[in-house]
Participant: 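Pasting a structure here, questions to come.
Here is how names work: the chains are called A, B, and so on, in the same order as the sequence lines, proteins then strands, and each is numbered from 1. Values below: every heavy atom of this structure, side chains too, minus hydrogens, waters and symmetry copies. As the structure is a computational prediction, the values presented were derived from the model and not from experiment.
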There are 2 protein chains.
Amino acid sequence: MPSAPTIKEIARRLNISASTVSRALHDHPSIGLRTKTRVQQLAAELNYEPNQTAIFFQQRKTFTIGVILPELSEAFFSAAISGIEDMAGRHQYSVLMGQSHDEEEREKLIVSTMKKHRVDGLIISIAKNTKDYSHFNMLRQAGIPTVFFDRIPNLTDIHYVACDMVSGTVQAVKYLLGKGHRVIGMINGPDKLLASRQREEGYIKAMQKHRLKYDPTLVVSSDLTKEGTDKAMKKLLSLKRKPTAIVAFNDYVALDAVQFAVKNKYKVNEDLTFVSYANLPMSHYTAFPPVASVEQFPYIQGQRATETLLEILTSNAPADSPASPDHWKKVILESQLMIHNVE
Amino acid sequence: MPSAPTIKEIARRLNISASTVSRALHDHPSIGLRTKTRVQQLAAELNYEPNQTAIFFQQRKTFTIGVILPELSEAFFSAAISGIEDMAGRHQYSVLMGQSHDEEEREKLIVSTMKKHRVDGLIISIAKNTKDYSHFNMLRQAGIPTVFFDRIPNLTDIHYVACDMVSGTVQAVKYLLGKGHRVIGMINGPDKLLASRQREEGYIKAMQKHRLKYDPTLVVSSDLTKEGTDKAMKKLLSLKRKPTAIVAFNDYVALDAVQFAVKNKYKVNEDLTFVSYANLPMSHYTAFPPVASVEQFPYIQGQRATETLLEILTSNAPADSPASPDHWKKVILESQLMIHNVE
DNA sequence: TTCGGACAGACAAACGATTGCGCTTTTTGG
DNA sequence: CCAAAAAGCGCAATCGTTTGTCTGTCCGAA
C-alpha cells in the first residue's frame, strides 16, 4: 500500500523542493549541512530507494549488459557466463541473458529484445549457423558496443575475445611426441570452423618443429556426431601407418572415439592414447579419460570479454570513432595443455 | 548521430500531436485510417522503436524477471536457468540473472540489485547457508512476487516449486530389491537438509512395503566432501551385514564412493552396485556408472517455476492478498528413477 | 434550421529523477 | 557600512510514452 517513497514525497514532508532533495542525497556542495542531514535522515527512515527505471530513462543508461549464448547447459558456456556475471557484478552491472539454441532466428530475436531493453552493451557468442550478420549491424547503428567471444563472426571491424587453439595443440602434439609416439592421428571438426583450422595448424607446426613430415591422411574430420566420429576412427585405424595416439576435436568426440576403440578391442591409453580439448569438467572421471586435454578457460574468457566491454563503456567513446587504429579490441588467450595425473 | 527517432519526432514531421502518434501505433479506434497509415509508414521508414526504458518507467513494469541461483556452472542450475529463460522468452519476458556463489551476503546484494532494477518478479534458489530471511521480507514489502525453487527457505507463506525425492528413492530401492539385493546401504547428506530427510523417508517406505525391517545402521551420512564420503563408506563396508548395493546422495558422492570401493578391491556393479541421484549429465560415461539414477528434472523445474511466476504476475493480484487459501502456490514434481541401459 | 452524437485529433498531466539557471539571503572584505 | 561574492535553495525543463479529457467538425435526423 505505501507504494515506494519518491523524492517528491520527501520534498513534500520537508517543505523543500524536489531538486534540493535530489542534490542533498547526492551530497551536492550547494546544499547546506542542515537540510542535507534532514533529508538523508528522512530518506533512511522512509526506506527510500531511488527508482532506477526513472534514472535509466533519464540518463539513457541501464547499467545492464546483455549476454547472448548458444546454450547455457553446455558446460563451456555456463562457465563463461559465470565469469561474465562475476565481473559485471563487481562493477555494479547487471546481466540480461538469452540463449539462441544455435538458431539464427532466435539470435536475432534476442538481439532485438536486448536493444529494446536498452542494454549498455552486449557480449555475444554466435549461433553455429548464423550466416547473416544484419542484426549485428543494427547494433552498431544503434550505438550499442558489442564484444564477441569464442564463437566470433567472420568480420574484421569488431571487438572480440577468443582463445587461440594453435598453441595448445602444439603443446598436445609435442607432449605425445615426447611420450614416444610417432604416428599421431587427429580427429578434427568441420573444415570451415576457425577452431578446426587452428587445430590443424597447431598439429602441423608441432610436427615441423620436430622435423617430422606432415602426413595429411592422419588428419581426418568428423561432423561431430557419433556416426561422423565412428567413420573418422575407421579411417584412421585402417591406415597402413596406424596411429598410436589420437588428438580429438573435443571431449564429446573423444568419448565417442574411445567407445569405438573399446568396441574394436583396442586397449585405450595403452596401444591407443587420447588427448582432447576440455569441454566437460568431469571427463577425467570417465572410464578412459584422455591423458591430457587442452584447456580453453571459458570462465576467464567470460571475464576478459566483460572487462573489454566495460572498458569500452567507460571510455565513453562516441560509439562510432573507428579512427584510432586500436579501436577494435582483440583479446586472444592462449590455450594450454593440462596433463591429467592418472593414478 | 541520428539518435533513435522518438514519437515526438514523428509527430513533428507529420504535424500532428504525439498522443495521436502513440494511439496510431497502437491501432487505437479513435484515430482515422488516413493518419494511422501515414504514421505507421513513417515509423517504419524511420525505423522507429519505442524506448522501452520510458515505457518501463511509465508503466511501472519491466517485463523482466530476476533469477538468483547459487552457481551457474553446476549442471543442475544451468539446466534450470535454461528452462527458465526458454519459458520466460516465450512470454516476452527477459531474464536478469545473478549467482550467489552460496554466500548469504552476495545473495542479499543481488536481491537488492534486482529490486532496484524493478524486476517484475523473482525466481530464487537460495544459498546453502542462508539463515537470515530478511531480504525476502523486503521483497514482499516491495510487492515483488517471488517463487522459490529446489532450494527453498524454511517458510510456509511462500510460492515454490520443488522435486520430491521420496518417490524416486522408493523406486530406486525397489529396483535394487527387485534385482535381488537384500542389504542396501545409503550414503545420505547432512541431516538438516530436507533433501536428506526425503531420501531416508523413501528408503524406509520402500523397505516397509517389502516387509523388510529397516536397519538404521545401513543409512550413514556424509558431509559431501570426499573425506566424509570415504568415512561413510568405511562404516558401511565394516558392517557385519555388508551391503551389496548403495544408494548415494548424488553423483559427486557416488563418484567418490566408487573410487573408494575400487581402491579397496571391490568389483563395482558386481559385488557392490550403485544407484545415485542425477547431477552430472555425463555420469553414465564414467568408469563405473551407477546402474540407475534418480532424475530431478532441473529444466522442467525451471520451466514450472517460471510458469508459476507468470501466473502470479498476470493474475495481477494486489501483491498481498493471502486471503485466498490457494494463494501460496506449491508445485511439487515427482522425481523419477532412470535405469541406465548398461551395454 | 438546429441539436445530438459520432468521429478525429489535440492538450496536458503524469511517471521519478536530474540539472542549468536564477533568485534570495547571508557572509566577507575593504 | 556597503558592495560584491558566496552560499543555499527553488523553478522549470527534460527524458519518451501513455491516457483521460476536451475541442472541433461533420453528418443525419427532427
Participant: Do A:Phe56 and A:Phe63 have ring centres separated by under 6.0 Å?
Facilitator: no
Participant: Can you measure B:Lys36 atom NZ to C:dC7 atom P for me and round it to whole angstrom units?
Facilitator: 12 Å
Participant: Look only at the side chain of A:Gln99 and the backbone of A:Leu72, and say whether a donor-acceptor pair between them is shorter than 3.5 Å.
Facilitator: yes
Participant: May I have the distance from B:Phe57 (atom CZ) to C:dT18 (atom P), rounded to whole angstrom?
Facilitator: 11 Å
Participant: Expressed as a whole number of angstroms, how long is the span from B:Glu9:CD to D:dT17:P?
Facilitator: 11 Å
Participant: What is the separation between atom CZ on B:Arg12 and atom P on C:dG9, rounded to the nearest whole Å?
Facilitator: 20 Å
Participant: Without decimals, in angstroms, what is the distance between B:Arg23 CZ and D:dT19 P?
Facilitator: 9 Å
Participant: I need the B:Glu71 CD to B:Ser78 OG distance, nearest 0.5 Å.
Facilitator: 10.5 Å
Participant: Please tell me if A:Ser22 has a side-chain N or O lying less than 4.0 Å from either OP1 or OP2 of C:dA17.
Facilitator: no
Participant: Which residues, if any, of residues 42-55 of chain B bring a heavy atom under 4.0 Å of DNA chain C?
Facilitator: none
Participant: If we check side-chain contact (heavy atoms from CB on, under 4.5 Å) with B:Val21, which of these qualifies: B:Val39, B:Leu14, B:Leu42, B:Thr6?
Facilitator: B:Val39
Participant: Would you mind telling me which residue lines up with the more 5' stretch of DNA chain C, B:Arg118 or B:Ser30, judged by nearest nucleotide?
Facilitator: B:Ser30
Participant: List the atom of B:Ala305, the atom of B:Val147, and the distance in Å for their closest heavy-atom pair.
Facilitator: O-CG1, 4.0 Å
Participant: Across the strands shown, which category fits A:Thr6 at heavy-atom distances under 4.0 angstrom: base, sugar-phosphate, nothing?
Facilitator: sugar-phosphate
Participant: Describe, in one word, how the ring planes of B:Phe149 and B:Phe77 are oriented to each other, choosing from parallel (under 30°), tilted (30 to 60°) and perpendicular (over 60°).
Facilitator: perpendicular
Participant: Rounding to an integer number of Å, can you tell me how far B:Gln59 CD sits from D:dC15 P?
Facilitator: 20 Å
Participant: Report yes if a side-chain nitrogen or oxygen of B:Thr35 is closer than 4.0 Å to either non-bridging phosphate oxygen (OP1 or OP2) of C:dA8; otherwise report no.
Facilitator: no
Participant: Please determine, for the side chain of B:Gln58, which listed nucleotide (D:dC9, D:dT18, C:dA17) has the closest atom?
Facilitator: D:dT18
Participant: Tell me whether the centres of the aromatic rings in A:Tyr160 and A:Phe148 are closer together than 6.0 Å.
Facilitator: no
Participant: To the nearest angstrom, how far is B:Ile31 atom CD1 from D:dG20 atom C1'?
Facilitator: 14 Å
Participant: A:Ser19 near the nucleic acid: base, sugar-phosphate alone, or nothing, with a heavy-atom cut-off under 4.0 Å?
Facilitator: base
Participant: Starting from P on C:dT25, measure out to CZ on A:Arg34 and report it in whole angstrom.
Facilitator: 18 Å
